[in-house]
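Worksheet: the structure to be examined is printed underneath.
Below, chains carry the letters A, B, ... as their sequence lines are ordered, and counting in each starts from 1. Keep in mind the model is a prediction, meaning the values are calculated, not measured.
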2 protein chains.
Amino acid sequence: MSLKKEHLKSSNIDWNQFMPGISIDCVIFGYHDKELKVLVLEYKKTGLFALPGGFIKKDETLDDAAKRVLKERTGLSNIYLNQFHTFGSLKRSDHTPMKTVLENNEASFDETHFLLQRFISVSYFALVDFKKVEPVADSLSDTCQWIDINELPSLILDHNDIYQKAHDHLKKSINSEAVGLNLLSKTFTMAELQGLHESILGKELNRTSFHRKIMLSGHLKRIGKKKTGKAHRSPYLYKFIQQ
Amino acid sequence: MSLKKEHLKSSNIDWNQFMPGISIDCVIFGYHDKELKVLVLEYKKTGLFALPGGFIKKDETLDDAAKRVLKERTGLSNIYLNQFHTFGSLKRSDHTPMKTVLENNEASFDETHFLLQRFISVSYFALVDFKKVEPVADSLSDTCQWIDINELPSLILDHNDIYQKAHDHLKKSINSEAVGLNLLSKTFTMAELQGLHESILGKELNRTSFHRKIMLSGHLKRIGKKKTGKAHRSPYLYKFIQQ
DNA sequence: CCAAAAGTGTTTTGGGTACACCCATGA
DNA sequence: TCATGGGTGTACCCAAAACACTTTTGG
């Protein structure tokens, strides 16, 4: 654990192994407690928030770099990942936030520091099982934590735009089995799946219509009753059919 | 004209003005003679084909860079442009095609030549009015010419993948008014618009259903009769309503 | 008059939604 | 028995597609 953090310590990093000028930013979605959440970093002693990101090794595929970044932040492999846009506005050339971060963390640095260049950001969104994730901060950040999408703070640079576009893409792909398959546990109740869809779309759905639509898609299989211990009838559990 | 070419001569270019490691590739669609076409470069004396591309100036927005590249190749401003994917496979690190090109064009070059690095490619697709375009080759290429999408040659690196993904995006956006508005002349017949849709989708469409659907969209306005000189009734002309 | 072009009427299909209503069940 | 969960039947709306048919019109 502390080994992992040491590994990420910025002053120990050989920045030369990365392609200059290109970064990867990730919008990592999780679902818990009936709320859709996103992993957000908070930089030490600065009050600055950002999406987790990273860089591309010179001999590494773009998609592999994204997988690696995801693994560093969540500990997970085999994550559902989707590139959705590349951001290259000049807003990204404002180095004041990163200078603030470095001033609070590095003994010394100069204007040529790797992190103080203009980056074009290739952005991915990821869907992960909340329960399996242990958020890991990097050495420049205190925390990497889940934030409810309705309580997102102001993020550095254009990261709020990035989040917004990621959420738009998630809405568009609501009918893909990937959404439920990756954001929920292996088994779940119909009410949980409906709650997830409602969180993503930001509106309530009709229960019976939702039920029929989902079952007609053919991706779901009912597997048994849940024992809740509560009064009244207990809900069935479902899982996605793996083809 | 020759001034413009001189300006593009590769040995005259200050490569240092561009961000390293990132390129822009464009899939430029045009429609003519009932066929969907794409602008393709042929490198001098090599038999190698590629999509037109360019680089990003250090103080230039990603989208502005794409607009500039488009203008260099087509002479047009105000082009309909859409970023659709960023490519970063290791296939892109194969420098043999570019070495072949340079060997046939430059007096001398070494392994550190700007064009012999690994590029991540941010890709755009563009829709242009065939009639308004004058394709302009760069100094490394003989020709920049329209090629029927059904007769595309094998392109360098992953450029065939890039084209394929661009075409997929074009199919998905078939119901956007942008498709007809940008690929056809200001006025056109219903048969021409239907032919365009058929070329993009690669299948025939029912005339009456197409007519009804298009008119119900509310974007089209009928403006008058076309004088064909042929026998039989002449078709009406339509144009898109600008809001 | 002929054939191309334009337009209408009707039907079917399929997805999505809304709602009423019934069945099952666990404490 | 009753509140919750699960499920069906029906109806409605809408976009898209398929097809038959009529009207218009330039030469």
Side-chain angles (χ1 to χ4, degrees), chain A residues 33-34 170-180 184-185 187-241, chain B residues 33-34 170-180 184-185 187-241:
Chain A
D33 223 5
K34 303 189 178 175
L170 182 54
K171 276 188 190 171
K172 275 188 209 154
S173 51
I174 189 72
N175 287 323
S176 157
E177 54 179 307
V179 170
L184 296 175
S185 312
T187 65
F188 47 85
T189 66
M190 192 58 81
E192 282 166 354
L193 183 59
Q194 184 175 345
L196 169 61
H197 279 236
E198 287 175 342
S199 296
I200 290 173
L201 298 176
K203 65 172 181 186
E204 298 196 342
L205 300 171
N206 179 283
R207 182 187 62 83
T208 56
S209 301
F210 181 78
H211 179 94
R212 197 186 321 253
K213 176 179 164 182
I214 289 290
M215 293 314 288
L216 282 176
S217 78
H219 296 305
L220 273 204
K221 191 184 173 186
R222 202 175 76 179
I223 49 171
K225 295 249 171 162
K226 190 179 186 180
K227 286 149 195 169
T228 54
K230 290 178 190 172
H232 321 305
R233 185 180 182 180
S234 58
Y236 286 103
L237 289 176
Y238 294 82
K239 69 170 185 178
F240 281 94
I241 297 165
Chain B
D33 220 6
K34 302 190 179 176
L170 182 55
K171 277 188 190 174
K172 275 188 208 153
S173 51
I174 189 73
N175 287 323
S176 157
E177 55 180 305
V179 170
L184 297 175
S185 313
T187 64
F188 47 85
T189 65
M190 193 58 83
E192 281 165 355
L193 183 59
Q194 182 174 346
L196 169 60
H197 279 237
E198 289 175 341
S199 296
I200 291 173
L201 297 175
K203 65 172 183 187
E204 297 196 342
L205 299 171
N206 179 284
R207 182 187 63 83
T208 56
S209 300
F210 181 79
H211 178 94
R212 198 185 321 253
K213 176 179 162 183
I214 289 290
M215 292 315 287
L216 283 176
S217 78
H219 295 305
L220 274 204
K221 190 182 171 188
R222 202 175 77 178
I223 49 171
K225 295 251 173 162
K226 189 179 186 181
K227 285 151 193 166
T228 55
K230 292 176 191 171
H232 319 306
R233 185 180 182 182
S234 57
Y236 286 104
L237 290 177
Y238 294 82
K239 69 169 184 178
F240 281 92
I241 297 164

- Query: How many Å lie between CG on A:L216 and C1' on C:dT17, as a whole number?
  - Reply: 13 Å

- Is there a side-chain contact between B:M190 and B:R207, using heavy atoms and a 4.5 Å cut-off? no

- Query: Counting side-chain heavy atoms from CB outward, which of C:dC21, D:dC19, C:dA6 is closest to B:P235?
  - Reply: C:dA6

- Message: Angle between ring planes, B:F188 versus B:F240, binned at 30° and 60°: parallel, tilted or perpendicular?
- Response: tilted

- Query: Side chain of A:N206: nearest nucleotide among C:dC19, D:dC19, C:dG26?
  - Reply: C:dC19

- Could you please name the option among D:dG6, D:dG9, C:dA5 that lies closest to any side-chain atom of A:R233? D:dG6

- Item | Atom-pair distance (CZ on A:R212; P on C:dC22), nearest Å | 16 Å

- Query: Quick one: A:R207 CZ to C:dA20 P, roughly how many Å, whole number?
  - Reply: 13 Å

- Note on the structure: note: A:L205, atom CG; C:dC19, atom P; distance rounded to Å ~ 14 Å

- Check every atom of C:dA6, D:dA18, D:dA16 against the side chain of B:N175 and return the nucleotide holding the closest atom. D:dA16

- Look at the side chain of B:S209 and the base of D:dA16, then say whether one donor and one acceptor between them are separated by less than 3.5 Å. no

- Query: Rounded to the Å, how far apart are A:M215 CE and D:dG5 C1'?
  - Reply: 14 Å

- Message: Expressed as a whole number of angstroms, how long is the span from B:H211:NE2 to D:dA17:P?
- Response: 15 Å

- Task: Taking all heavy atoms of B:E198 and all of B:L205, pick out the closest pair and write down the distance.
- Result: OE2-N, 2.8 Å

- note: A:I223, atom CD1; D:dG6, atom C1'; distance rounded to Å ~ 16 Å

- Can you check the B:Q194 CD to D:dA17 P distance for me, whole Å? 11 Å

- Task: Determine whether more than 12 heavy atoms belonging to other residues, nucleotides or ligands lie under 6.0 Å from atom NZ of B:K221.
- Result: no

- Touch class at under 4.0 angstrom, heavy-atom based, for B:F210 against every strand present: nothing

- Taking all atoms of both residues into account, what is the closest heavy-atom pair of B:I241 and B:E177, and its distance? O-OE1, 4.4 Å

- Item | Comparing B:T208 and A:K203 on DNA chain C - which has the more 5′ nearest nucleotide | B:T208

